[in-house]
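This report refers to the structure that appears directly beneath it.
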Amino acid sequence: MLRPEVLARAGLVLQYVVSKEVGWLRPAGCSVAEDGFKCDFISLSGRWPEEGLIRDAEKMVLDIEGSSQVSIEYVGEVSDDLIRLLGRRAAYSVNGVNAFLEFEVRPASSSVKAILVRNISAHNPTPGVSLVRLIGVAFDDLDEYREWVKYYEEAARRDHRVLGQKLELFGFYDEAGPGLVIYHPKGQVVREELIRLVREINSRLGYSEVYTPHVYKSVLWRISGHYHLYRDKMVLAEVDGEEYGVKPMNCPGHILIFKSRTRSYRDLPIRLAELGTVYRWEKRGELYGLLRVRGFTQDDGHVFAREDQVKEEVESIMREVFNLLALFGIARDNTKIYLSTRPERYIGSEDAWDKATNSLKQALDELGIPYEVREGEGAFYGPKVDVHFRDSLGRWWQCSTIQVDFALPERFNLEYIDSDGSKKRPVMIHRAILGSIERFMAILIEELEGKLPTWLSPIQVAVIPITRDVASYAEDVAKLLRDAGVRVVEDLSDETLEKRIKVAYEQAIPYLIIVGRREALQKTIAVRGRGNLQANNVRIDAFLRGLTEEIRSRALRQEALLSFL
RNA sequence: GCCGCCGUAGCUCAGCCUGGUGGAGCGCUGCCCUGGUAAGGCAGAGGUCCCGGGUUCAAUUCCCGGCGGCGGCUCCA
């Protein structure tokens with residue numbers, strides 16, 4: 001929908017008009033992403049522009065573009081150090097004024113017909129340098145512009161923060177603290193269903209679930225290295241003269257379990273899993289709804305393995321990740337897979353790194369999974385494979401992760417006895433399939449627009465009697481479903497039928513059972529699903545059979561209803 | 001943490017610029033309506049205008065600080 005060349009042209013013209021209008025803003029370049037342009041300026045006065053500049057700039061861009069008074073000429077690659085800091089930049093002359101652009105994009109020759117500057121913010125490419133950044137979108141076609149506006153409005157409606165409140169799933173409260181989610185009853189149902197799913201996956205993969213404390217003595221965090229590398233994100237407290245740290249990760253507890261006895265090569269791989277709630281004191285500005293919180297629950301797991309077992313482990317984990325995508329119907333377009341390799345600073349031998357990296361590669365290749373390699377982006381302790389999902393606004397979030405780790409086995413001096421009786425060091429694999437319950441739930445809500453599949457829905461069926469005299473029949477129907485384990489509510493309120501249907505729809509309840517005199521007499525029900533699909537004269541036991549199967553199989557579609565249509 | 005914007009009823013927001021203690025819609029409560037498929041009618045309750053300080057005869061309104069939210073950086077599950 002957004003075209004890079006058009007964004008690039010808009011960025012150049014914007015640099016021109018802004019520097020003309022505000023003398024102390026000097027163009028510093030524009031980069032183009034899939035969600036818009038980011039246009040930077042150096043403030044020569046040290047001041048910040050007024051909010052009104054946005055509207056003025058938009059108007060000026062359109063004026064000048066409309067009167068076809070723009071001449072854009074390519075000058076060459078930029079040598080200015082500050083501007084190069086933003087990435088490789090090309091210099092252009094816009095009506096004689098210098099403006100800069102991301103090197104890889106070329107500006108469009110067609111003029112900009114619509115431009116929307118969405119925000120003025122700061123960009124800090126490096127500590128101490130603060131640039132004025134205008135972000136926005138631009139189009140050379142008004143229909144495309146209108147289409148984008150519509151898409152954007154829709155995206156706002158899918159926002160998990162909005163839906164989370166509307167559907168009464170969870171909340172954040174000033175008194176509780178930022179980044180600390182409070183799940184309401186309905187959100188807790190979703191959470192528990194996801195956890196149940198995780199437990200099934202884990203047991204399929206051969207993990208044993210464990211449970212470890214939320215705080216440990218700092219001594220343990222010193223051994224693990226977190227005390228030095230991660231302390232600024234940890235919650236520490238001194239009690240009885242001893243310092244304790246709330247866990248930001250679950251690994252140390254699992255390692256203690258591994259170390260609790262001598263392990264044989266025959267015992268490996270040892271797979272431990274935990275729905276581990278961790279706390280990471282992320283900086284305030286980094287928090288974002290459920291997607292970035294301070295306290296969250298990982299579907300964590302650690303494998304203690306021989307090097308030759310890594311590939312197989314990775315393969316089986318990736319397979320489950322893909323099952324997950326299918327289960328929720330998450331489009332491949334909305335996922336990205338990265339393989340991150342050895343960074344400049346690393347621990348462990350080159351040989352071990354190569355072996356582990358190759359194991360990851362082979363596993364991905366054998367599964368035929370397309371992925372991007374990010375050279376040098378691995379953790380200092382090992383290479384990793386990450387799966388990222390896209391949210392409603394097009395931003396990417398890391399969820400599933402598989403990390404090979406040479407560091408912790410060394411720090412904790414882990415070993416097993418090999419077949420020849422010698423002591424060997426196992427490798428550790430850290431992995432999470434959902435990533436965290438919180439982030440995954442947010443992605444799901446946005447991907448599904450709040451319309452969770454029946455098995456995940458806090459309320460699965462609402463029974464609505466048309467008149468009061470069939471209320472008891474409605475209650476009978478509800479009881480029947482409830483006894484079968486279905487989450488059901490009866491709406492016996494005095495509202496009109498239309499109103500009660502609307503309310504149920506707004507709560508995203510997948511099934512409405514509507515009963516009147518006719519149904520009560522015939523002992524049937526009318527079943528209404530999403531998208532105004534309805535089946536009449538349905539036998540209760542037939543529907544219940546379909547419904548329980550739909551829930552059991554975690555169907556994405558409303559199978560129980562579709563079979564009656 | 002940095003830059004900008006914002007904080008008014010349970011929710012979404014108007015009022016603030018130009019100081020004289022506040023409104024709407026939804027929701028909630030009550031009454032009427034007993035409805036055949038996406039908002040029936042009437043009435044009522046509900047506010048420390050985020051917190052603290054300053055200016056002023058007087059602050060929801062102006063100024064400063066804090067806390068919280070949003071967008072963008074940086075960072076991450």
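Order of the sequence lines fixes the chain letters, A, B, ..., with proteins taken first and strands second; residue numbering starts at 1 for each chain. Values reported hereafter were calculated over all heavy atoms of this structure, with side chains retained and with hydrogens, waters and symmetry mates removed.
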Of A/D35 and A/S400, the one whose closest nucleotide on RNA chain B sits nearer the 5' end is A/D35

Please assess A/N537 against A/I525 for the test side-chain contact (heavy atoms from CB on, under 4.5 Å), listing each intermediate value before the final yes or no. CA-CA 6 Å; A/N537 305 315; A/I525 53 176; over 6 Å; no

Name the nucleic acid region contacted by A/E168, choosing base, sugar-phosphate or nothing; use a 4.0 angstrom heavy-atom cut-off, strictly under.
nothing

Check whether any side-chain N or O of A/Y288 sits under 4.0 Å from OP1 or OP2 of B/rG71, and answer yes or no. yes

- Message: When the C1' atoms of B/rG52 and B/rC57 are compared, how many Å lie between them, rounded to an integer?
- Response: 23 Å

Scanning all shown strands, the Watson-Crick or wobble mate of B/rC17 with both distances under 3.5 Å is none

What are the atom names and distances for every N/O pair under 3.5 Å that joins the protein to nucleotides 5-14 of chain B?
from   : atom 1 : to     : atom 2 : distance (Å)
B/rC11 : O3'    : A/Q165 : NE2    : 2.8

Applying the 3.5 Å cut-off to both distances, the Watson-Crick or G-U partner of B/rC42 turns out to be B/rG30

- Task: Please confirm whether A/R89 makes a cation-pi placement over A/F100, using NZ or CZ under 6.0 Å from the six-membered ring centre and within 45° of the ring normal.
- Result: no

Polar atom pairs between nucleotides 39-45 of chain B and protein, under 3.5 Å, N or O only, would you list them?
from   : atom 1 : to     : atom 2 : distance (Å)
B/rG40 : OP1    : A/T496 : OG1    : 3.3
B/rG40 : OP2    : A/T496 : OG1    : 3.2

Whole-Å C1' distance, B/rC16 and B/rC62 = 10 Å

### Query
Which part of the nucleic acid, if any, lies within reach of A/K166 when heavy atoms closer than 4.0 Å are counted: base, sugar-phosphate only, or nothing?
nothing

* Asked: What distance, rounded to whole Å, do you find between the two C1' atoms, one in B/rU61 and one in B/rG19?
  -> 6 Å

Review point. With a 3.5 Å cut-off and just heavy-atom distances, do the side chain of A/R133 and the base of B/rC73 make a donor-acceptor pair?
Key: no

When rounded to whole Å, the CE to P distance for the pair A/M234 and B/rC75 reads 22 Å

Practice problem: Establish, with yes or no, whether the OP1 or OP2 oxygen of B/rG71 is under 4.0 angstrom from a side-chain nitrogen or oxygen of A/R161. | Solution: yes

Could you tell me if the ring centre of A/Y279 sits under 6.0 Å from that of A/F296? no

Taking the P atom in each of B/rC33 and B/rC42, what is the distance between them to the nearest angstrom?
15 Å

- Message: B/rG69, OP1 or OP2 - any side-chain N/O from A/R284 closer than 4.0 Å?
- Response: yes

Separation of B/rG72 atom P from A/L116 atom CG, nearest Å, is 14 Å

Whole-Å distance, A/I466 CD1 to B/rC33 C1', equals 17 Å

CZ (A/R161) and CG (A/L169) are apart, to the nearest 0.5 Å, by 14.5 Å

Between A/H226 and the options A/W221, A/Y216, A/Y381, the ring pair (Phe, Tyr, Trp, His ring centres under 6.0 Å) test singles out A/W221

Regarding the side chain of A/E282, the nearest nucleotide among B/rG72, B/rA38, B/rC76 is B/rC76

From CZ of A/R294 across to P of B/rC75 the rounded distance in Å is 18 Å

Paired to B/rC70 by Watson-Crick or G-U wobble criteria (both distances under 3.5 Å) is B/rG4

With the side chain defined as heavy atoms from C-beta on, A/Q534 is closest, among B/rA77, B/rU37, B/rG1, to B/rU37

* In whole angstrom, give me the gap between the C1' atoms of B/rU29 and B/rU37. => 28 Å

For residues 336-343 of chain A, which side-chain donor-acceptor pairs fall under 3.5 Å, sequence neighbours excluded?
from   : atom 1 : to     : atom 2 : distance (Å)
A/T341 : OG1    : A/E375 : OE1    : 2.9
A/T341 : OG1    : A/G376 : N      : 2.9

Original post:
According to the interplanar angle, ranging from 0 to 90°, do the rings of A/Y511 and A/F543 count as parallel (below 30°), tilted (30 to 60°) or perpendicular (above 60°)?
Top reply: perpendicular

Taken to the nearest whole Å, CG/A/D491 to C1'/B/rU37 is 13 Å

Between CG of A/D40 and P of B/rC3 the distance, given in whole Å, is 16 Å

In whole angstroms, the gap separating P of B/rC76 from NZ of A/K336 amounts to 16 Å

May I ask you to check whether A/F440 and A/W397 place their ring centres under 6.0 Å from each other? no

Practice prompt. Remember a base hit wins even if backbone is also touched, and classify A/I514 as base, sugar-phosphate or nothing at under 4.0 Å, heavy atoms.
Written response: base

TODO: State whether A/R395 places a side-chain N or O below 4.0 Å from either non-bridging phosphate oxygen (OP1 or OP2) of B/rG72.
DONE: yes

*Has A/Q398 got a side-chain N or O lying under 4.0 Å from the OP1 or OP2 atom of B/rA77?*
yes

Students often get this wrong, so: under 4.0 angstrom with heavy atoms, is A/V293 touching a base, only sugar-phosphate, or nothing? base

The single option from A/R271, A/R319, A/R431 that satisfies salt bridge (charged side-chain N to carboxylate O under 4.0 Å, His left out) with A/E313 is A/R271

Among the nucleotides B/rG68, B/rG35, B/rU37, whichever has the atom closest to the side chain of A/R517 is B/rG35

*Does the cation-pi check pass for A/R395 over A/Y288, that is, NZ or CZ under 6.0 Å from the six-membered ring centre and within 45° of its axis?*
yes

Once the angle between the rings of A/H302 and A/H430 is folded into 0 to 90°, is it parallel (under 30°), tilted (30 to 60°) or perpendicular (over 60°)? perpendicular

Closest of B/rC73, B/rG36, B/rC76 to the A/R439 side chain is B/rC76

- Item | B/rC64 and B/rG27, which share atom name P, separated by this distance in whole Å | 40 Å

Any strand, both distances under 3.5 Å, Watson-Crick or G-U wobble: B/rU55 pairs with none

Pick base, sugar-phosphate or nothing for A/D299, based on heavy-atom distances below 4.0 Å to the nucleic acid. nothing

Answer for the Watson-Crick or wobble partner of B/rC76, both distances under 3.5 Å, is none

query: On a whole-Å scale, what distance lies between the C1' atoms belonging to B/rG15 and B/rU60?
result: 9 Å

Test side-chain contact (heavy atoms from CB on, under 4.5 Å), reference A/R294, set A/V181, A/V278, A/V235, A/L180, output is A/L180

Is there a donor and acceptor pair, one atom on the side chain of A/R528 and one on the base of B/rA38, closer than 3.5 Å?
yes

Open item on the list: For A/F170 and A/Y183, take the angle between the two ring planes, folded into 0 to 90°, and tell me which bin it lands in: parallel under 30, tilted 30 to 60, perpendicular over 60.
Closed with: perpendicular

Would you please determine if the base of B/rA77 is stacked by A/F296, with stacking meaning a centroid separation under 5.5 angstrom and planes under 30 degrees? yes

Per nearest nucleotide of RNA chain B, the residue lying toward the 5' end, A/E286 or A/T467, is A/T467

Report task. Quote, to the nearest angstrom, the C1' distance that separates B/rU12 from B/rC51. Result -> 24 Å

Taken to the nearest whole Å, CG/A/L291 to C1'/B/rC76 is 11 Å

